[in-house]
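To keep things clear, I will list the structure first and then write my remarks on it.
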Amino acid sequence: MKFNKHLEDITTYEAGKPIELVVREFGIDPKDIVKLASNENPHGCSPKVKDAVGNILSKMALYPDDSMIKLKDALSHKYEVLNDNVIIGSGSDQVIEFAIHAKASSSSKILMNSVTFAMYEIYAKHVGAEVIRTSSVHHDLEEFYKLYVEQKPSMIFLCTPNNPTGDAIDRNELFDFLKKIDNDTLVVVDCAYMEYAIGKDEGKKVEPKNLISAFENVLYLGTFSKAYGLGGMRVGYGIANPKIIKELYKLRPPFNITTLSLEAATVALSDEAFVHACIADNFVEMKRYEEFANSKKIDIIKSYTNFVTLCLDDTQNSTKISNELLQKGMIVRNLSSYNMNAIRVTIGTTSQNSRFFELLAELI
Ligand SMILES: *Cc1c(COP(=O)(O)O)cnc(C)c1O
């Protein structure tokens, strides 16, 4: 059977290995498995979410509120924007999909960082768009600008902080860059880890309100999957000029967010204290990773997120190391598919991190 030819050169996205598969493949007891592979919040979500979700289980027979009014109100209030500036997706992943399908086609080019979130390329390939990448591992906005001038992409993806490296773009540099981009180029600024970046350095803070009031061609992305601890609920959002949001809405399937997810995200937003405590803990634990890496002479990329990227030297192989860790029940992310001899480790709880240090120390 022949399929859409654009699909031919797509490699399926490989998510962090699920605990369930490690149980099955290696026969390891689930309680001995530590998953530090998908940048989830190790403390979970606000306890208020559990109560709220329990209370709405009686509504399961009805379709969700497709206006998403409560969650939209909560997001607009938090970010000081209007409901018309907001679209909610089944993860911000879905908003990335909407954006690419809305803007790009097989004659388009999409510019992104050499090493960045894998889904940008996958969705770009859905529509047959050509992916242009910078050469620098870290976002080099001068190089982005040079490629923008040369290649005339119809979309640009910036990921700050960036996944899988953890580094972040300076806000002033970002705004200076955006000023030079024409209004017909859609710039997506993916801020999946922004809550963490703000916890570390105000200079990295990007506020959607400032971004969209200055630039009508910019789409800000946020998610509940990381700092808010709701990866399993699949809720993300885009914030932009209503003209952009209106186009993205044309691609949105009805009822794309479940009743449970809408409720969970709305309540999670009301408990900022919980998220702040998790972020503070994250940076305490990150220090331990930095100390561990220093003591083992492993290069660690300065991170503004809830994960660290450990760059191995030539005597170590990231595929081998991550497989050996896996056999011991420790799931981390091998970055060999990004052409990096590195592993990405989500910062877990104190005991999960200690376990990681112990296991890695045995292997290197
Ligand atoms: C995790 C992540 C997302 C999307 O997560 P969702 O769970 O789909 O909301 C988007 N961008 C980056 C860079 C991420 O790391």
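Here the structure is a predicted model, which is why all the values come from computation and not from measurement. First listed ligand is number 1; within each ligand, the first listed atom is number 1.
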### Query
Are the side chain of Arg344 and the backbone of Phe307 linked by a donor-acceptor contact shorter than 3.5 Å?
no
### Query
Relative to the heavy atoms of Cys159, which atoms of ligand 1 are at a distance of less than 4.0 Å?
13 (C)
#### Entry: Backbone N/O of Asn39 and side chain of Thr346: donor-acceptor pair under 3.5 Å
yes
### Message
Return the closest protein heavy atom for atom 11 (N) of ligand 1 as residue, atom name and distance.
### Response
Asp190 OD2, 2.6 Å
### Query
Which option out of Gly236, Ser92, Ser90 puts a heavy atom nearest to atom 5 (O) of ligand 1?
Ser92
### Task
Please identify which atoms of ligand 1 are closer than 4.0 Å to at least one heavy atom of Arg234.
6 (P), 7 (O), 8 (O)
### Query
Salt bridge or not for Glu290 and Lys302, using N-O below 4.0 Å?
no
### Task
Run the numbers for me: atoms of ligand 1, each under 4.0 Å from some heavy atom of Lys226, listed by number.
1 (C), 2 (C), 3 (C), 5 (O), 14 (C), 15 (O)
### Query
Under 4.0 Å from any heavy atom of Ser225, which atoms of ligand 1 are there?
6 (P), 7 (O), 9 (O)
### Query
Does the gap between the ring centers of Tyr289 and Phe292 come in under 6.0 Å?
no
### Query
Considering Phe117, Tyr237, Tyr193, which one's heavy-atom position lies nearest to atom 15 (O) of ligand 1?
Tyr193
### Message
For a 4.5 angstrom cut-off between non-hydrogen side-chain atoms, does Tyr228 reach Cys278?
### Response
no
### Query
Which atoms of ligand 1 have any heavy atom of Asn163 under 4.0 Å away?
13 (C), 14 (C), 15 (O)
